[in-house]
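Read through the structure below, which is laid out as structure tokens, and then see the notes.
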Amino acid sequence: MNRILVLITLSDSGIETIKSTPELPKKEMEFVHNWRENNILESFFISVTKKDAVLIFQNIDESQARELIKSLPYFPYMSKIDYHNLDKQF
């Protein structure tokens with residue numbers, strides 16, 4: 001079973017903007033919940049510092065995952081995004 005693992009790091013200035021704009025996190029989570037409901041987001045993790053996130057997509061390919069990430073409200077505040085194609089073993 002193929003999965004796309006996405007590792008995201010927010011910039012320091014981006015974190016400050018997000019913290020000072022309460023509607024941004026709400027908008028971001030709407031996307032995440034929608035993806036989960038549509039069975040394309042298998043797992044979602046946020047680091048305790050809130051600077052890093054891990055998303056595991058299923059039932060889509062890497063180009064689709066890239067487009068989804070670009071659609072996020074937090075996208076302009078991301079300093080690093082890594083995509084990894086995985087083959088789930090169990």
Side-chain angles (χ1 to χ4, degrees):
M1 292 187 273
N2 293 334
R3 299 288 188 271
I4 308 297
L5 175 85
V6 183
L7 303 170
I8 297 170
T9 301
L10 297 174
S11 67
D12 291 334
S13 61
I15 290 171
E16 293 307 313
T17 300
I18 291 164
K19 285 180 181 178
S20 66
T21 314
E23 57 275 0
L24 267 176
K26 291 176 187 173
K27 288 180 182 177
E28 184 82 0
M29 290 311 295
E30 286 175 13
F31 281 81
V32 171
H33 290 299
N34 184 36
W35 296 344
R36 180 72 175 152
E37 289 171 8
N38 287 304
N39 202 34
I40 58 174
L41 184 64
E42 181 179 78
S43 298
F44 177 63
F45 302 90
I46 301 174
S47 67
V48 293
T49 64
K50 307 260 194 263
K51 185 173 181 171
D52 304 294
V54 176
L55 295 86
I56 301 175
F57 289 100
Q58 61 187 3
N59 303 321
I60 62 171
D61 62 23
E62 183 178 334
S63 65
Q64 292 170 307
R66 288 179 180 272
E67 290 304 312
L68 290 173
I69 296 299
K70 286 180 186 176
S71 72
L72 288 170
Y74 282 14
F75 182 74
Y77 311 108
M78 296 177 188
S79 63
K80 185 176 179 185
I81 308 168
D82 293 316
Y83 297 86
H84 300 275
N85 289 284
L86 305 175
D87 185 14
K88 186 174 181 178
Q89 301 295 305
F90 57 87

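In this text the structure is predicted, and so the values were computed from the model without any measurement.
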Exercise for review: Verify, without hydrogens or angle tests, whether Glu67 (side chain) and Gln64 (backbone) share a donor-acceptor contact under 3.5 angstrom.
Suggested key: no

Check your understanding: Which heavy atom of Glu62 sits nearest a heavy atom of Asn85, and at what distance?
Key -> OE1-ND2, 2.7 Å

Exercise for review: Would you indicate whether the side-chain heavy atoms of Leu72 and Met78 approach each other to under 4.5 Å?
Suggested key: yes

Practice item. Please answer whether the main-chain N or O of Asp87 pairs with a side-chain N or O of Gln89 as donor and acceptor at a distance below 3.5 Å. Key: yes

Study note, to complete from the structure: dist Ile8:CD1 -> Ile81:CD1 (nearest 0.5 Å) comes out at 6.0 Å

Study note, to complete from the structure: Looking only at heavy atoms, the pair that brings Trp35 and Ser71 closest together is CZ2-OG, 4.0 Å

Practice item. Identify whether Ile15 and Leu7 are in the same connected component of the hydrophobic contact network (ILVMFWY, side-chain heavy atoms under 4.5 Å). Key: no

**Study point:** Pair listing, ring-ring contact (aromatic ring centres under 6.0 Å, His included) test, anchored in residues 70-90, at least two apart
**Key:** none

Check your understanding: Between the side chain of Thr21 and the main-chain N/O of Ile18, is any donor-acceptor distance below 3.5 Å?
Key -> no

Practice item. Please round to the nearest 0.5 Å and tell me the distance separating atom CZ of Arg66 and atom CD1 of Ile4. Key: 9.5 Å

Exercise for review: Inspect the contact between Lys51 and Asp12 and indicate whether a charged nitrogen and a carboxylate oxygen are less than 4.0 angstrom apart.
Suggested key: yes

Point to revise | Donor-acceptor under 3.5 Å (Asp61 side chain, Ser63 main chain) | key: yes

Review point. Would you find a donor on one side and an acceptor on the other, under 3.5 Å apart, between the side chain of Ser11 and the backbone of Ser79?
Key: no

Practice item. For a side chain to side chain contact (heavy atoms under 4.5 Å, CB included) with Ile56, tell me which candidate from Leu41, Leu5, Leu86 qualifies. Key: Leu5

Study note, to complete from the structure: Between the CD1 atom in Ile60 and the CG atom in Asn2, the distance rounded to the nearest 0.5 Å is 11.5 Å

Practice item. Check Val6, Leu55, Val54 against Phe44 for a side chain to side chain contact (heavy atoms under 4.5 Å, CB included) and give me the one that passes. Key: Leu55

Review point. Are any of the side-chain heavy atoms of Gln58 and Lys88 separated by less than 4.5 Å?
Key: no

Review point. At their closest point, which heavy atom of Leu68 faces which heavy atom of Phe57, and how far apart are they?
Key: CD1-CE2, 3.9 Å

